[in-house]
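First the structure, in the form of structure tokens, and then the observations on it.
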Amino acid sequence: MLVSATDMLKQARKEGYAVGAFNINNLEWTKAILQTAQELNSPVMLGVSEGAGKYMTGFKTVAAMVKAMDESLGIKVPVALHLDHGTYEGSYKCIDAGFTSIMFDGSHFDIEENVAKTKELVSVCHHLGMSIEAEVGGIGGEEDGVVSQGECADPDECKRIADLGIDMLAAGIGNIHGKYPANWAGLRFDVLEKITEKVGADMPLVLHGGTGIPEDQIKKAISMGVSKINVNTECQLYFQEATRKYIEEGKDQQGKGYDPRKLLAPGFEGIKEIVKIKMEMFGSVGKA
Ligand code: 13P
């Protein structure tokens with residue numbers, strides 16, 4: 001069931017768990033995530049980066065595919081179709097295409113411009129019944145060409161953005177996209193605490209860069225107000241490992257092992273496996 005993320009995140013914030021936002025790239029990714037959410041009776045968000053949207057020939061294709069698949073698979077759990085790290089222009093394209101949620105990432109603008117653009121988009125989204133995420137402080141690393149050094153968000157700026165009526169707030173707390181380097185210092189819980197104090201106990205916070213954060217840090221972050229966790233790279237790694245194994249075992253050369261539906265099946269199962277691990281870790285199982 002396609003819905004905005006507002007209610008699922010409010011519930012997660014209140015009950016102390018997090019909803020996973022998994023990035024999609026194609027049909028296999030989408031189907032694997034939707035099926036797993038349904039099997040585990042978990043709410044879920046499908047993240048679409050601008051790069052992935054372009055790869056799938058545009059946001060309209062993505063929205064049409066997700067809507068049709070949600071119906072054909074008989075998905076009953078709440079699913080939000082969400083733009084990930086959207087530009088101002090990309091946000092409007094997703095609003096037009098029929099997404100149910102967007103992230104406007106104005107973190108690279110100065111705070112006045114971030115506030116002005118976020119404010120405008122909050123009013124458009126809420127008028128249409130969509131949810132909106134905003135960002136303060138860059139998430140480090142690189143995702144689909146979006147590069148940031150990663151900085152901790154300023155709690156006062158978080159409050160200014162949160163007060164605009166957004167549904168979820170992404171605030172940098174030392175998290176980065178992609179694999180964490182061996183010398184990573186861990187999440188800055190001191191910063192998270194200050195942010196929560198400022199924005200209040202009702203604001204669902206978003207943790208980007210969910211790949212590779214140790215479970216104890218995930219659980220602590222959730223206990224401190226994180227209600228949405230983004231995962232992208234880890235699904236790619238599970239897909240890659242399973243596909244590599246299939247080919248290295250020579251299965252693509254046995255019978256009709258070259259059939260794309262057979263060739264992509266192990267990777268599909270790999271995505272299901274990691275999505276299940278994450279949903280269990282985030283505590284969203286059975287919460288739909
Ligand atoms: P990872 O690729 O590190 O899992 O981060 C995903 C993300 O934050 C998407 O916005």
Cation-aromatic face contact Lys117/Phe109, 6.0 Å, 45 degrees: yes
Tell me, with the steps shown, if Ser42 and Met279 meet side chain to side chain contact (heavy atoms under 4.5 Å, CB included). CA-CA 8 Å; Ser42 168; Met279 285 179 165; 3.7 Å; yes
Give the minimum heavy-atom separation between Thr233 and Gly178, together with the two atoms involved. OG1-CA, 3.5 Å
Let me check something: do Tyr92 and Met103 share a hydrophobic cluster, defined by ILVMFWY side-chain heavy atoms less than 4.5 Å apart, either directly or through other members? no
Please list, chain by chain and in numerical order, all residues satisfying ring pair (Phe, Tyr, Trp, His ring centres under 6.0 Å) with Phe239, sequence neighbours excluded. Trp29
Testing the basics here: between Ala97 and Ala63, what is the closest heavy-atom pair and its distance to 0.1 Å? O-CB, 3.2 Å
Out of curiosity, Asp259 CG to Leu264 CG, how far, rounded to the nearest 0.5 Å? 9.0 Å
If only atom types and distance count, is the side chain of Arg13 paired as donor or acceptor with the main-chain N or O of Met203 below 3.5 Å? yes
Backbone N/O of Gly106 and side chain of Asn114: donor-acceptor pair under 3.5 Å: yes
Go through the steps to decide whether Lys276 and Glu280 satisfy the test salt bridge (charged side-chain N to carboxylate O under 4.0 Å, His left out), and finish with yes or no. CA-CA 6 Å; Lys276 180 169 189 276; Glu280 282 169 350; 3.2 Å; yes
Pairwise side-chain contact, Val231 with Ile274, heavy-atom cut-off 4.5 Å (strictly under): no
Is the shortest side-chain heavy-atom distance between Ile161 and Ile111 below 4.5 Å? yes
Test salt bridge (charged side-chain N to carboxylate O under 4.0 Å, His left out) applied to Asp163 and Lys159, step by step: CA-CA 6 Å; Asp163 284 351; Lys159 169 133 181 74; 3.0 Å; yes
From NZ (Lys194) to CG (Asp156), nearest 0.5 Å: 11.0 Å
Indicate yes or no for a side-chain donor-acceptor contact from Thr211 to the backbone of Glu234 under 3.5 Å, with no hydrogens or angles considered. yes
Measuring only between side-chain heavy atoms, which start at C-beta, is Ile24 closer than 4.5 Å to Val66? yes
Could you check whether any side-chain heavy atom of Glu50 comes within less than 4.5 Å of a side-chain heavy atom of His85, counting everything from C-beta outward? no
Would you indicate whether Glu113, at its atom CD, is surrounded by more than 12 heavy atoms from other residues, nucleotides or ligands within a distance under 6.0 Å? yes
Sequence-distant partners of Tyr180, ring pair (Phe, Tyr, Trp, His ring centres under 6.0 Å), two or more places apart: Trp184
Contacts of Asp96 meeting side-chain contact (heavy atoms from CB on, under 4.5 Å) (sequence neighbours excluded), chain-then-number -> none
If I take atom CD1 from residue Ile75 and atom CD from residue Glu39, how far apart are they, to the nearest 0.5 angstrom? 8.5 Å
Group every Ile, Leu, Val, Met, Phe, Trp and Tyr by side-chain heavy-atom contacts under 4.5 Å, then state whether Val275 and Val19 land in the same group. no
Could you tell me whether the side chain of Tyr246 and the main chain of Gly257 form a donor-acceptor pair under 3.5 Å? yes
Let's go through Ile132 and Val124 carefully: what are the C-alpha distance in whole Å and the side-chain angles of both, what is the deciding distance for side chain to side chain contact (heavy atoms under 4.5 Å, CB included) to 0.1 Å, and is it a yes or a no? CA-CA 10 Å; Ile132 174 166; Val124 175; over 6 Å; no
Show me the donor-acceptor pairs within less than 3.5 Å that the side chains of residues 1-9 make with the rest of the protein, sequence neighbours left out.
residue	atom	partner	partner atom	Å
Ser4	OG	Thr6	N	3.2
Ser4	OG	Thr6	OG1	3.1
Thr6	OG1	Asp167	OD1	3.3

Within 45° cone and under 6.0 Å: Lys93 NZ/CZ vs Phe59 ring: no
So, for Met130 and Ser101, which heavy atoms are closest and what is the spacing to 0.1 Å? CE-N, 3.9 Å
Test item: Asn23 and Cys235 side chains (from C-beta on) under 4.5 Å apart, heavy atoms: no
Report yes if some heavy atom in the side chain of Lys67 is under 4.5 Å from a heavy atom in the side chain of Leu81; otherwise report no. no
Is there a donor-acceptor pair under 3.5 Å between the side chain of Gln217 and the backbone N or O of Leu187? yes
Taking atom CG of Asp110 as the centre, report whether more than 12 heavy atoms of other residues, nucleotides or ligands fall under 6.0 Å from it. yes
Evaluate the criterion side chain to side chain contact (heavy atoms under 4.5 Å, CB included) for residue pair His82 and Lys228; output intermediate values, then yes/no. CA-CA 12 Å; His82 182 74; Lys228 168 182 181 257; 3.6 Å; yes
Spacing of Ile195 atom CD1 and Ile173 atom CD1 [to the nearest 0.5 Å]: 6.5 Å
Within 45 degrees of the axis of the six-membered ring of Phe189 and under 6.0 Å from its centre: does Lys220 put its NZ or CZ there? yes
What's the shortest heavy-atom distance between His126 and Gly165, and which atoms? CE1-O, 2.9 Å
With sequence neighbours excluded, tell me which residues meet side-chain contact (heavy atoms from CB on, under 4.5 Å) with Tyr258. Lys256
Between Ile218 and Val191, is there shared hydrophobic-cluster membership here, with clusters defined by ILVMFWY side-chain heavy atoms closer than 4.5 Å? yes
Would you check if Met65 and Thr30 make a side-chain contact, meaning some heavy-atom pair closer than 4.5 Å? yes
Side-chain donor/acceptor of Gln38 to backbone N/O of Val77, under 3.5 Å: yes
Quick check: closest heavy atoms across Gly16 and Ile222, and the distance to 0.1 Å? O-CG2, 3.5 Å
Check whether Ile102 and Val206 end up in the same hydrophobic cluster, where Ile, Leu, Val, Met, Phe, Trp and Tyr are linked by side-chain heavy atoms less than 4.5 Å apart. no
Distance, nearest 0.5 Å, that separates CD of Glu193 from CZ of Arg188: 12.0 Å
d(Glu133 CD, Met45 CE) to nearest 0.5 Å is 6.5 Å
Answer whether the closest heavy-atom distance between the side chains of Ile166 and Phe104 falls below 4.5 Å. no
Going by distance alone, is a donor N or O of one side chain under 3.5 Å from an acceptor N or O of the other, for Asn230 and His208? yes
Check for a donor-acceptor pair, side chain of Ser72 on one end and backbone N or O of Asp70 on the other, with a separation under 3.5 Å. no
Working for side chain to side chain contact (heavy atoms under 4.5 Å, CB included), residues Val48 and Phe99: CA-CA 10 Å; Val48 183; Phe99 276 46; 3.9 Å; yes
Give the minimum heavy-atom separation between Ser131 and Cys125, together with the two atoms involved. O-SG, 4.4 Å
According to a hydrophobic-cluster definition based on side-chain heavy atoms being under 4.5 Å apart (Ile, Leu, Val, Met, Phe, Trp, Tyr only), do Leu205 and Met168 belong together? no
Under the side chain to side chain donor-acceptor pair (under 3.5 Å) test, residues paired with Gln35 that sit two or more places apart: none
